[in-house]
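What follows is a set of notes on a single structure, which appears directly below.
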Number of protein chains: 2
Amino acid sequence: MSNQDACTPGSSPPPLLDADEAAALAAAFKAVGDPTRLRLLHLIAAHDGGEACVCDLTAAFDLAGPTISHHLRVLREAGLVTGDRRGTWIYYRVRPDALAALSRVLLMEGVPA
Amino acid sequence: MSNQDACTPGSSPPPLLDADEAAALAAAFKAVGDPTRLRLLHLIAAHDGGEACVCDLTAAFDLAGPTISHHLRVLREAGLVTGDRRGTWIYYRVRPDALAALSRVLLMEGVPA
DNA sequence: ATCCTGATTCGACACCCGTCTACCTTCATT
DNA sequence: AATGAAGGTAGACGGGTGTCGAATCAGGAT
């Protein structure tokens, strides 16, 4: 099937990114693959102290409250943000470690050639 | 609506990532937000000379040929890979500059706080 | 206790996306 | 020119996703 001698001679690359790992990483990238969620991430990170409450985030979009809440949940379940309640408001902040991990994947760290 | 004095006092953040820019970047991230496409990117980058022909890529997945072709088109239209025909085969290679640009977005480069 | 507000959850709808089979295009070889 | 293979295109099907309105939950204030 793979005519190894004619197509790319002498190359038999290892998986290097197995299906499970690729699925987990792709899920995180899919969370960022939405304009609203991408803007949410940057709005949160740009706020004072690196945290923002939902009311400020909702005010920045022409979207209904439940929609923002849905996007925040997607980001939360992807491990990209954390949200904790302090009194009446819920404050969200980004997880720089998670974003850095995704960044490394894009830079092909650990890829031979 | 945005009770600025009670929620996060003294913060009026600029857009910092307008809707158009966010849409363009999100489209690129969405292209990476699929396990098959993420593995395709790494497979291409890991091949000798940083390029791989479609026959090798197709052989690495349990997917039909047209499906791989579809994913390659998504990656190509997102500006993440380039493909040029040399004789019978079409060789794909990644665009490191595009991936680096996405990487910078995740690292929140240019975000104040 | 009651009410009000911030935020999430629940259903529902329209739309997009990944996958396939069948067919077409392009190139090399005979 | 004709055949065969590599790769792409077209159309269709099933499941996933963004969006909303209405209902619900959680805290603070009256």
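Per chain, numbering begins at 1; letters A, B, ... match sequence-line order.
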Separation of D/dC20 atom P from A/His71 atom NE2, nearest Å, is 8 Å
Quick one: A/Asp56 CG to C/dG6 P, roughly how many Å, whole number?
-> 11 Å
Do A/Leu75 and A/Tyr92 have side-chain heavy atoms sitting under 4.5 Å apart?
-> no
Heavy-atom side-chain proximity of B/Trp89 to B/Val54 below 4.5 angstrom = no
CZ of A/Arg39 versus C1' of D/dG18: gap in Å, rounded?
-> 16 Å
Counting side-chain heavy atoms from CB outward, which of D/dC20, D/dG8, C/dG18 is closest to A/Ala64?
-> D/dC20
Nearest heavy-atom pair of B/Leu80 and B/Ala28: which atoms, and what distance?
-> CD1-O, 4.0 Å
Have a look at B/Gly65 and say if it touches a base, only the backbone sugar-phosphate, or nothing, with a 4.0 Å heavy-atom cut-off.
-> nothing
For A/Arg73 and C/dG6, what is the distance between atoms CZ and P respectively, to the nearest whole Å?
-> 21 Å
Return the value, rounded to whole Å, for the distance between atom CG of A/Leu72 and atom P of C/dG6.
-> 16 Å
Within this structure, what is the CZ-to-C1' distance between B/Phe61 and C/dT19, rounded to whole angstrom?
-> 14 Å
Would you say a side-chain N or O of B/Thr88 is under 4.0 Å from OP1 or OP2 of D/dA6?
-> no
Contact class for A/His70 (heavy atom, under 4.0 Å): base, sugar-phosphate, or nothing?
-> base
Could you give the CD1-to-P distance, from A/Ile68 to D/dT19, as a whole number of Å?
-> 8 Å
Counting just side-chain N and O atoms, does A/Tyr91 come under 4.0 Å of either OP1 or OP2 of C/dG6?
-> no
Rounded to whole angstrom units, what separation is found between the CD1 atom of B/Ile90 and the C1' atom of C/dA28?
-> 14 Å
Side-chain N,O (B/Thr67) to OP1/OP2 (C/dC20) below 4.0 Å = yes
For D/dT17, does either OP1 or OP2 sit under 4.0 Å from a side-chain N or O belonging to A/Lys30?
-> yes
For the side chain of A/Val54, starting at C-beta, report the closest nucleotide among C/dA7, C/dT21, D/dT19.
-> C/dA7
Does B/Arg85 place a side-chain N or O at less than 4.0 Å from the phosphate oxygens OP1/OP2 of D/dG7?
-> no
Would you say a side-chain N or O of A/Arg37 is under 4.0 Å from OP1 or OP2 of D/dG18?
-> yes
Using a cut-off of 6.0 Å, state whether more than 12 heavy atoms not belonging to B/Arg95 lie near its atom CZ.
-> no
Among A/Leu102, A/Val105, A/Leu41, which residue meets the side-chain contact (heavy atoms from CB on, under 4.5 Å) test with B/Leu106?
-> A/Leu102
Among D/dG8, C/dG18, D/dC20, the nucleotide that comes nearest once only the side chain of A/Leu63 is considered | D/dC20
